[in-house]
Amino acid sequence: MKRKWIKNGIIGGLLLLALGSSISIKKLDQVRANASEDAFDAVAYAEDFWEEELIPDLEDAVEVNYLTHLLRNRPADAFEQHSEALGIGNIRFFMIQGAGEIRQVGEDDLTVLVETDSSSQVVKIETEYIFGNAVRDASGKVDLTKFEQTMDFNNVSAAINQLVRKKVLPPLKANAEVGKRVTFVGAVEMNREQVDLSEIALIPVHVSFMEGKDQTAYADR
Amino acid sequence: MKKITQNILMWCLPLLLLVGACENKSATDAKGKIAVIVSTLNNPWFVVLAETAAQEAEALGYEVSIFDSQNNTALENNHFENAITAGFQAILFNPTDAEGSVSNVAKAAEAGIAVFCMDREVNSSLPTSQILSDNYAGCVSLGKYFVDQLDKSGNYVEILGLVGDNNTWNRSKGFHSVVDHYPELKMVAQQSADFDRNKAMEVMESILQVHRDIDAVFCGNDAMAMGAYQALKAAGMENDVEVFGFDGAADVVDAVKDGRIAATAMQFPKVMAKTAAQLADNYIQGEKDFVKKLPVDVELVHPGNVEHYAAYGKKE
């Protein structure tokens, strides 16, 4: 009986020893700090993307009236030549530019009429609903396959949208008045099978107010 | 004698389960064998996904078997082991768990079997390709519509799907990336119902016992949206609370048409399934270079555009 107790005691002791050596205790703060060090920094990525890749290439954006003319007459070519998309489906993104007159200052957007010699188009510049992937995907410069996790890729969009809210919207909202003329570049989402040109909703990346001769110069580009 | 009976049962039961789980679509002159391993066939959406994948693979000339994991990673593990030993060349895979399913994909990869994930993601670069709905973008669109419908203020409930599934969080984060910008929109409860209609009904019933003052319910899939709607109807609140789903299931597309459900996000399971089968065929024919992740668009469906859509896709 006594031998059995000694045997069980030794086995128990060995088990406790094995268990103890397999556990290491760390402070929760330390674990969290290490995890955040390893985490992808979407904000830093977005800031770098904004300065190094997005802004330098804005001049390549397609002019809005040229695009709408193409969408009405040769939609397949318009999507083929000027839109970007990540995967399979009908949702496509355009980076567009234009110049026009502010016709209305709404709670959620500015209504801008873009007129050129041959046509005119209403564009709603979003000042409230700055969400989604339009800017990231319209640029065509952020590659999904470079991201380990889809959520990191999505966080880049959220960080880019935050830059629009921080850099673009404050001066736009502060200076917007009916009758003023603006030049703009921004991203637009369209469903290839449900194109609605009655009004185009644009997330602005760059907007500037125009004065004097500059107005027509930019409008005809 | 009793022991012999026990042994027979022990060996036969897994075989019987396997036979029950498999739907063998054999073809004597097949180009090879493709397995479709799906998280659950207890949800019509996944039935469409699995059946379409199988039909497309069959049309491409393969012998196809469908395996139902019943949302159980251990059962999924058995299916992978069977697929490996039975000489399948590719697996069209709808995982049960983004982390828990990685080891199964690793086993297949080690055995040289291509794995094409459909709809649900695993947190690994081991799958040959992952064909996934853009859940985050779909829920951003839903979120914007949600904010508009509630005029930027109100109390709402969120019912989440499986907490171990990336889709659950991509949807929730897409939705919150919009809604959280509006301080007057208050989430009074957030609970999981595992993408299950009955569980969602129970969850909603228990939430309603505490929170009667709600304006909307955002659900991570359509099955849960219908469950939540049932609970609201039983409580006489179906006309006061707007319900939002995600998937594009048949009953919810109809419910959007007649105003019972406010909106859903249309995924395209048939597109994902067909693409996975075609890529598997390309793989078996010798192609080895695939895009690791292939997103498939998700489109907002609301009363204003519902005529463009039918169950699980566009109106044809």
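If you're wondering where the values come from, they're calculated on a predicted model, not measured in any experiment. Hydrogens, waters and symmetry mates play no part in the numbers below; they use all other heavy atoms, side chains included.
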Q: Examine distances only and state if a side-chain atom of B:Asp222 and a backbone atom of B:Phe246 form a donor-acceptor pair shorter than 3.5 Å.
A: yes
Q: Report yes if the side chains of A:Ile200 and A:Val122 come closer than 4.5 Å at any heavy-atom pair, otherwise no.
A: no
Q: Please answer whether the main-chain N or O of B:Ser39 pairs with a side-chain N or O of B:Asn94 as donor and acceptor at a distance below 3.5 Å.
A: yes
Q) Of the backbone (N, CA, C, O) and the side chain (C-beta and beyond), which part of B:Val178 lies under 4.5 Å from a heavy atom of chain A, both, or neither? A) both
Q.
If we ignore hydrogens and angles and just use 3.5 Å, is the side chain of B:Glu76 paired with the main-chain N or O of B:Thr96 as donor and acceptor?
A. yes
Q | Portion of A:Leu86 that has a non-hydrogen atom of chain B nearer than 4.5 angstrom | A | both
Q.
Under 4.5 Å from any heavy atom of chain B, what part of A:Phe153 do you find: side chain, backbone, both or neither?
A. neither
Q | chain A contacts, top residue of B:Val147, B:Val298, B:Val291, B:Val271 (heavy-atom pairs, under 4.5 Å) | A | B:Val147
Q. Do the side chains of B:Leu294 and B:Leu132 get nearer than 4.5 Å, heavy atoms only?
A. no
Q.
Keeping B:Asn282 on the side-chain end and B:Glu287 on the backbone end, is there a donor-acceptor pair under 3.5 Å?
A. no
Mind listing the donor-acceptor pairs under 3.5 Å that bridge chain B and chain A?
from	atom 1	to	atom 2	distance (Å)
B:Glu121	OE1	A:Thr150	OG1	3.3
B:Glu121	OE2	A:Thr150	OG1	2.7
B:Asp148	OD1	A:Tyr129	OH	2.8
B:Lys152	NZ	A:Glu107	OE2	3.0
B:Lys152	NZ	A:Asp108	OD1	2.8
B:Tyr182	OH	A:Glu128	OE2	2.9
B:Lys293	NZ	A:Glu148	O	2.9
B:Pro295	O	A:Ile88	N	2.9
B:Asp297	N	A:Ile88	O	2.9
B:Asp297	OD2	A:Asn90	N	3.0
B:Asp297	OD2	A:Ile91	N	2.7
B:Glu299	OE1	A:Asn191	ND2	3.0
B:Tyr309	OH	A:Gln194	NE2	2.9

Q. Between B:Phe116 and B:Phe290, is the gap from one ring center to the other below 6.0 Å?
A. yes
Q: Would you please classify the geometry between the B:Phe175 ring and the B:Tyr156 ring as parallel, tilted or perpendicular, with 30° and 60° separating the classes?
A: perpendicular
